[in-house]
Enquirer: 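Quick one: this structure, given as C-alpha cells, is what I'll be asking you about.
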Amino acid sequence: MMFIRPLNDHERQELKRLARREVGRVSERIRIILLSSKGYTVPQIADIFECDQASVRNWIERFEAEGVKGLHDRPRCGRPRKAGVVAQHTIRQTVQTQPSALGYIFGFWTVVTLCAHLVVSIRLQVSTATARRALWRMGSRWRRPRHTLPIDPAARDKMWWLCEQLLRAPKEAVILCMDECDIHLLPVLRSMWMLRGEQAKVPTPGLNRKRSVFGALELDNGGESGRWVYEVFERRRSEEFIAFMERLMLSYPHRPLLLVLDNASIHKSKAVMEWLGQHPAVRLLYLPTYAGHRENPVEKVWWRLKGQIAANRLHQDIDALVGSVHDFFASFTPQAARQLGVAA
C-alpha cells in the first residue's frame, strides 16, 4: 500500500494552515496528503474525494518529490476542465435529489436543467455535453424508472402476528397460501432473443377475453407440502372466491383451514364475512398491504404459468388457453412446486 512519508508536527500544522488558506483543487490535494499521513489508504481517499486512485497516487508522489509546491497547478495550454471535482460532486448530489426538494417545479433532471442548476448553485457554466460526460463518468445512465408499491408502515407487526398464528395452528390444520390471477387471450410480452435490427411480432386477438384462476398452495405443517388446488372461473368476484373456499373444504374434509392471502376487496366483502361466520373451520390470515407480490409464494406459480402458456404466444381461442392451463397444472406435482421454490 502507498502512504505518505511520516510528517512531523511542524509540517502537519503548516499543511493544515495551507488547506484553510488555499482554495479549490490545491486545498483538496493538501487534504489528500493529510489523510494519507493519518493512515488512510489510496482507495479510501479516492472514495472520499470521488476521484481516481491514480490521481491520489500522483499527488502523493508529487508531494514527496517537490513538497507543497508540487501540489499547485503547473502551467498548461488550453482551458482547464470545467467539470472538476467540485462540479462532479455537485452533479452527483443534485441528480440524487428530487428537484422539488430544491424548489423547482419540474419532476426530474435533464442535462439542460442540471446545467441551469450549476449556474444558480455554484456559478459554474458548463455545456450540456460536459454535463453529460460527467454523468457518464459517475455511472449515471438515462433510463426510465419503474413503478413501485408503497410500503405498509405496520408491515412488520402484521407479519409477526401472522407468523404467530401459523406457529400456534393445531397440528391437524392445513395452511394454504392463496391468490388469484387473470389469464388473457392477449399474449403476455416477455423478453426473448432476437437478431440485431429485427423485432419479433406477436399476433393479437381480434377481441381479448380472459379467465380467472384461483389457486392455493399447501405449506408444510408437519406433513407433505406442495399440494396445489386450483379452479378456473369466468370472473373474479366474491361469489367465485366463496366457491373456491368451498372447493378447498372438499379437498381437505373435516380439517381446519388457514388461508394466507392478500387484502383484495373480494377477500373482505360482506358476503365473504357472512360465509366465514357460518364456516368457523376456515380462517383468513391477511398479509401486510401491498406485500402479496413479495411474500406470497403463489406469485411464483403465476409467473411460471404465464411464461409457459401465454408469453409471446397467441392461442386459437379462450378454450384453448384454458386447456393449456389445465395441461400446465396436470404436471404441477408437489415435487415440481419444490423445484420451483414455492413450497415451504
Enquirer: Which heavy-atom pair separates Ala134 from Ile91 by the least distance, and what is that distance?
Expert: CB-CD1, 3.9 Å
Enquirer: Would you say the side-chain atoms of Asp52 pair up with the backbone N or O of Ala54, donor to acceptor, closer than 3.5 Å?
Expert: no
Enquirer: Could you state the interatomic distance from CZ (Phe63) to CG (Asn58), rounded to the nearest 0.5 Å?
Expert: 14.0 Å
Enquirer: To the nearest 0.5 Å, what is the distance between CD1 (Ile45) and CD (Glu28)?
Expert: 12.5 Å
Enquirer: Just by modelled atom types, is the Leu71 backbone N or O under 3.5 Å from a matching donor or acceptor in the Arg62 side chain?
Expert: no
Enquirer: For Trp303, look at atom CH2 and say whether over 12 heavy atoms of other residues, nucleotides or ligands are found less than 6.0 Å away.
Expert: no
Enquirer: Going through the checks in order, is the side chain to side chain contact (heavy atoms under 4.5 Å, CB included) test met by Tyr286 and Lys158?
Expert: CA-CA 8 Å; Tyr286 299 104; Lys158 291 179 180 179; over 6 Å; no
Enquirer: Which heavy atom in Leu186 sits nearest to a heavy atom in Asn208, and how many Å separate them?
Expert: N-OD1, 2.9 Å
Enquirer: Determine, for Arg236 against Asp182, whether the closest basic-nitrogen to carboxylate-oxygen distance falls under 4.0 angstrom.
Expert: yes
Enquirer: Please check this pair: side chain of Arg283 against backbone of Pro280, looking for a donor-acceptor N/O pair closer than 3.5 Å.
Expert: no
Enquirer: Shortest non-hydrogen contact from Gly292 to Glu299?
Expert: O-CG, 3.5 Å
Enquirer: Quick check on Arg141: does its CZ atom have over 12 non-hydrogen neighbours (other residues, nucleotides or ligands) under 6.0 Å away?
Expert: yes
Enquirer: Roughly how far apart are Met159 CE and Asp152 CG, rounded to 0.5 Å?
Expert: 11.5 Å
Enquirer: Do Glu218 and Tyr252 have side-chain heavy atoms sitting under 4.5 Å apart?
Expert: yes
Enquirer: Flag the pair Tyr104 / Trp109 as yes when their ring centroid distance falls below 6.0 Å, and as no otherwise.
Expert: yes
Enquirer: Please lay out, stage by stage, how Asp179 and Asp262 fare under the test side chain to side chain contact (heavy atoms under 4.5 Å, CB included).
Expert: CA-CA 7 Å; Asp179 195 27; Asp262 58 31; 3.3 Å; yes
Enquirer: Quick one: closest heavy-atom pair of Ser238 and Ser269, and the distance?
Expert: OG-OG, 2.7 Å
Enquirer: Would you say NZ of Lys268 has more than 12 non-hydrogen atoms from neighbouring residues, nucleotides or ligands within 6.0 angstrom?
Expert: yes
Enquirer: Val56 and Phe49: side chain to side chain contact (heavy atoms under 4.5 Å, CB included), yes or no, with the steps?
Expert: CA-CA 9 Å; Val56 176; Phe49 289 96; over 6 Å; no
Enquirer: Do other residues, nucleotides or ligands put more than 12 heavy atoms under 6.0 Å from the CG atom of Asn8?
Expert: yes
Enquirer: Has Ile151 got more than 12 heavy atoms of other residues, nucleotides or ligands less than 6.0 Å from its CD1?
Expert: no
Enquirer: Is the closest side-chain heavy-atom distance between Val213 and Ile183 below 4.5 Å?
Expert: yes
Enquirer: Would you please indicate if the ring centroids of Tyr230 and Phe214 are separated by under 6.0 Å?
Expert: no
Enquirer: Can you confirm whether Glu14 is buried at CD, in the sense that more than 12 heavy atoms of other residues, nucleotides or ligands lie under 6.0 Å from that atom?
Expert: yes
Enquirer: Do Glu180 and Ile266 have side-chain heavy atoms sitting under 4.5 Å apart?
Expert: yes
Enquirer: Within 45° of the six-membered ring axis of Phe328 and under 6.0 Å from that ring's centre, is NZ or CZ of Arg304 located there?
Expert: no
Enquirer: Got a second to check how far Lys210's NZ is from Leu321's CG, nearest 0.5 Å?
Expert: 13.0 Å
Enquirer: For the atom pair CD (Gln316) and CG (Leu185), what is the distance rounded to the nearest 0.5 Å?
Expert: 10.0 Å
Enquirer: So, for Phe241 and His267, is the gap between ring centers shorter than 6.0 Å?
Expert: yes
Enquirer: Is any side-chain N of the basic residue among Glu172 and Arg255 closer than 4.0 Å to the acidic one's carboxylate O?
Expert: no
Enquirer: Report the C-alpha separation of Arg209 and His184 in whole Å, then their side-chain angles, then the decisive distance to 0.1 Å, and conclude whether the side chain to side chain contact (heavy atoms under 4.5 Å, CB included) test is met.
Expert: CA-CA 6 Å; Arg209 301 180 65 187; His184 294 259; over 6 Å; no
Enquirer: Looking only at non-hydrogen atoms, find the nearest pair between Arg29 and His72 and report the distance.
Expert: NH1-C, 3.7 Å
Enquirer: Salt bridge or not for Glu240 and Arg237, using N-O below 4.0 Å?
Expert: yes
Enquirer: Provide the closest heavy-atom pair for Gly226 versus Leu217 in the form atom of the first, atom of the second, distance.
Expert: O-CD1, 3.8 Å
Enquirer: Have Thr97 and Thr94 got a donor and an acceptor in their side chains that come within less than 3.5 Å?
Expert: no
Enquirer: To the nearest 0.5 Å, how far apart are CH2 in Trp142 and CZ in Phe108?
Expert: 5.0 Å
Enquirer: Is NZ or CZ of Arg156 both nearer than 6.0 Å to the six-membered ring centre of Trp161 and within 45° of the ring axis?
Expert: no
Enquirer: Go through the steps to decide whether Trp275 and Glu246 satisfy the test side-chain hydrogen bond (donor to acceptor under 3.5 Å, both in side chains), and finish with yes or no.
Expert: CA-CA 10 Å; Trp275 185 90; Glu246 292 175 347; 3.2 Å; yes
Enquirer: If we ignore hydrogens and angles and just use 3.5 Å, is the side chain of Ser121 paired with the main-chain N or O of His117 as donor and acceptor?
Expert: yes
